[in-house]
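Before any comments, here is the structure.
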Amino acid sequence: MVITDFEIAFLIWFAVILLYLKMIRSLPFLSFLVELLMAFSSMLKNSRDHAASSSGQNYSTVSEFILIGFSNFPQQLLPSFFLLYLLMYLFTLLGNLLIMGTIWREHSLHTPMYLFLCALSISEILFTVVVTPRMLLDMLSSHHSITFVACASHMFFSFTFGFTHSFLLMIMGYDRYVAICHPLRSNVLMSPRDCARLVSCCWAGGSVMGMMVTLIVFHLTFCGSKEIHHFFCHVLSLLKLACGKETASVTMGVILVCVTALLGCLFLIILSYVFIVAAILRIPSTEGRHKTFSTCVSHLTIVVVHYGFASLIYLKPKGSHSMDSNTLMATTYTVFTPFLSPIIFSLRNKELKKAIQRSFHRTFHPLSSRWPVWWYGR
């Protein structure tokens, strides 16, 4: 049996999820992932076979696409773009790994909020690894083609980790609601087992959304141009290459599914903060209100950045935007937003900031570990 590139990529994703689930001790979820792995691989193959047999014309045998990306930009600008995005990519990886390592080492951070933050860092790393390396490679290469299965895997992983990120932001909002509005019941409502289940549901929900959208899109027949005017297999750019009577309805269905899921998450986050603000306003002292709200600032900032950049890209009015400007705008969501996330959490979260400082002191100044704890918070 020959294993395709897509199945290899899916196996790598599967191994990462298993490692994470082992960390949070939620291994009963394994059976679901095994079934998902087998089902998605066979369903994608059946979808492609259906597309090949659904039309008697010759155009249904698309085997690869061409990613235009930055090809139309002036060649003298590409080295500068490459260096900028490479540095942002490396900083995103190192920043999120630093946050994960700090949470792992510091027992004081073994709380629901930081468990969710660790899961968020994992989703951001995986999303960045899926999108950015291919973009950087295409800047240096004249070969911009991508196979059918590689494009499907690209879309599946980007949707999976993107939706997982949104679901985790929603769960983090719920955690802040429980901690502030129901502090006496927070240990019961957000026990380690419940937190592990919530994180598992986020990963499962993201995987199902990614699988569903990918199967719907690649169920279509592609004809005409093979050029995708994007630096990765973006769903809307890919749908423009599809042909057939059902293309318009599929496009509306994909948009409806994505918008419903993302706006549903945003609505629940806003609802959580409505109750949080109401609870904070009932605190008598100004210092108490400020201290309580400060625990939400980093999460609220990430939500504004995440949905703000996403709305700039997906909700902008149709007009005379050039392909080059659309490409640059897309990098704000795919590269710049993950780049900002570790900066915001490490600078706006005082507890995490102090924990990172303690970790650095222990690593580079071992003798400083004998100093009192208050020293690191000066």
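Predicted model, so just to flag it, every value in this text is computed and none were measured.
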Check the hydrophobic clustering (I, L, V, M, F, W, Y; side-chain heavy atoms under 4.5 Å; chains of links allowed) and say if [X] and [Y] are grouped together.
X    : Y    : result
I255 : L263 : yes
V130 : M211 : yes
M212 : V259 : yes
F267 : M172 : yes
V235 : I228 : yes

Under the 3.5 angstrom rule, does the side chain of [X] hit a backbone N or O of [Y] as a donor-acceptor pair?
X    : Y    : value
T132 : V129 : no
S71  : I68  : yes
H110 : I103 : yes
T332 : M329 : yes
R134 : F231 : no
D175 : I171 : no
S191 : N187 : no
R289 : I280 : no

Ring centres under 6.0 angstrom apart ([X], [Y]):
X    : Y    : value
F222 : F65  : yes
F70  : F82  : no
H299 : F345 : no

Heavy-atom side-chain proximity of M209 to T160 below 4.5 angstrom: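 In short, these two side chains do not touch, never coming nearer than 4.5 Å.
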Are H229 and K240 side-chain neighbours, meaning at least one heavy-atom pair lies under 4.5 Å?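 Heavy-atom side-chain distance check fails, nothing below 4.5 Å.
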Please step through side chain to side chain contact (heavy atoms under 4.5 Å, CB included) for the pair L262 and F163, ending with a clear verdict. CA-CA 8 Å; L262 295 178; F163 276 113; 3.9 Å; yes
Angle class for the H154/F232 ring planes (parallel below 30°, perpendicular above 60°, tilted otherwise)?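 Perpendicular: the ring planes of H154 and F232 meet at over 60°.
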Using 30° and 60° as the class limits, which term best fits the ring planes of H234 and H230: parallel, tilted or perpendicular?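 The arrangement is parallel - the two ring planes meet at less than 30°.
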If we ignore angles and hydrogens, is there a donor and acceptor under 3.5 Å between the side chains of [X] and [Y]?
X    : Y    : value
E124 : S341 : yes
S200 : R197 : no
T128 : Y89  : no

Return the minimal non-hydrogen interatomic distance between G210 and F159, and the atom names on each side.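 For G210 versus F159, the nearest heavy atoms are CA-CB, 3.7 Å.
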Out of L169, L117, L340, T337, which one pairs with I302 under the side-chain contact (heavy atoms from CB on, under 4.5 Å) rule?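 The side-chain contact (heavy atoms from CB on, under 4.5 Å) with I302 is passed solely by L169 among L169, L117, L340, T337.
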Step-by-step ring-ring contact (aromatic ring centres under 6.0 Å, His included) determination, F218 to F148: CA-CA 9 Å; F218 282 88; F148 185 92; 5.0 Å; yes
